[in-house]
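Right, one structure below, let's go through it.
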Amino acid sequence: MKFRSPKNLRGYYELVWKLARLIPRGRVASYGQLALMLPAPQGVNDDAYRAFGPRWVGGAMAHCPDNVPWHRVLNSQGKISSRPGAEKQRKLLEAEGIVFVKDRIDLKKYGWAGPK
DNA sequence: GTTGTGACATCGC
DNA sequence: CGCGATGCCACAA
């Protein structure tokens, strides 16, 4: 059963979830990173996507299926985004071996390069 | 059809 | 380093 949505945009969300699931344990990715990594939906200008990509990724995460490690997705600042349960997310990340430095994560160390 | 909002990013001060 | 303001798309009411 599919999500009611004849449009590809909703399918794009699923794509985001799929990519999020590919994030290995102990590693994190940023919304902008995922946005740049994923292709822009048909009918969307590349420029516009670049500007609003991260927000769409966030929108996809907003639906947050249970099978998606949403806690491994952070913002470009390497911090947890505003969202209920942010503290819980930090706990989950620490449980995976990720070290927080002043509420921040070293993306150079834990930054996910992609499925490659 | 219009208005408001969104789990962001980037630039400026 | 921190805060404020701006930009863009689609969806929901």
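Excluded from the calculations below are hydrogen atoms, water molecules and symmetry mates; all remaining heavy atoms, backbone and side chain alike, are included. Only a predicted model underlies this, so the values are computations on that prediction, with no experimental measurement involved. First the proteins, then the strands, lettered A, B, ... as listed; each starts at 1.
- Residue A/Asn75 has its side chain nearest to B/dA9 when only B/dA9, C/dA12, C/dG2 are considered.
- Note: CG (A/Asp47) to P (C/dA10) measures 14 Å, nearest angstrom.
- Below the 3.5 angstrom threshold, one finds no donor paired with an acceptor across the side chain of A/Arg50 and the base of C/dC8.
- In this structure, the CZ atom of A/Arg55 is 13 Å from the P atom of C/dA10, given to the nearest Å.
- A donor-acceptor distance shorter than 3.5 angstrom exists from the side chain of A/Asn75 to the backbone of A/Gly78, with no hydrogens or angles considered.
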Take A/Arg27 and A/Glu96 through the test salt bridge (charged side-chain N to carboxylate O under 4.0 Å, His left out) and record every step on the way to the result. CA-CA 8 Å; A/Arg27 211 133 265 205; A/Glu96 294 193 351; over 6 Å; no
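- Taking atom CG on A/Asp103 and atom P on C/dG2, their separation rounds to 10 Å, with Å as the unit.
- Here B/dC11 presents its C1' atom at 13 Å from CD of A/Gln77, a figure rounded to the nearest Å.
- Straight-line distance from the CG atom of A/Leu9 to the C1' atom of C/dC8: 14 Å, rounded to whole Å.
- Side-chain contact check for A/Val44 versus A/Trp56: some heavy-atom pair is nearer than 4.5 Å.
- Each of A/Met37, A/Glu14, A/Gln33 was evaluated against A/Leu19; a single residue qualifies, A/Met37, per the side chain to side chain contact (heavy atoms under 4.5 Å, CB included) test.
- Which of B/dC8, C/dC9, C/dC11 sits closest to the side chain of A/Ala48 comes down to C/dC9.
- The aromatic rings of A/Trp17 and A/His63 sit tilted, their planes meeting at an angle between 30° and 60°.
- Checked against A/Val73 for a side chain to side chain contact (heavy atoms under 4.5 Å, CB included), the options A/Val68, A/Ile23, A/Val28 give a single hit: A/Ile23.
- Following rounding to the nearest Å, A/Tyr12 (OH) and C/dC11 (P) show an atom-to-atom distance of 13 Å.
- Near DNA chain B, meaning a heavy atom under 4.0 Å from it, residues 18-36 of chain A has A/Tyr31, A/Gly32 in order of number.
- If you take OH of A/Tyr49 and C1' of C/dC9, they are 12 Å apart, rounded to a whole angstrom.
- Note: CZ (A/Phe52) to P (C/dC11) measures 11 Å, nearest angstrom.
- Side-chain proximity of A/Arg10 to C/dA12, B/dA9, C/dA10: nearest is C/dA12.
- Remark: A/Ser76 is in phosphate contact with B/dA9, judged by side-chain N or O atoms under 4.0 Å from OP1 or OP2.
- Although no hydrogens or angles enter the test, the distance criterion places no donor-acceptor pair under 3.5 Å between the side chain of A/Tyr31 and the main chain of A/Gly53.
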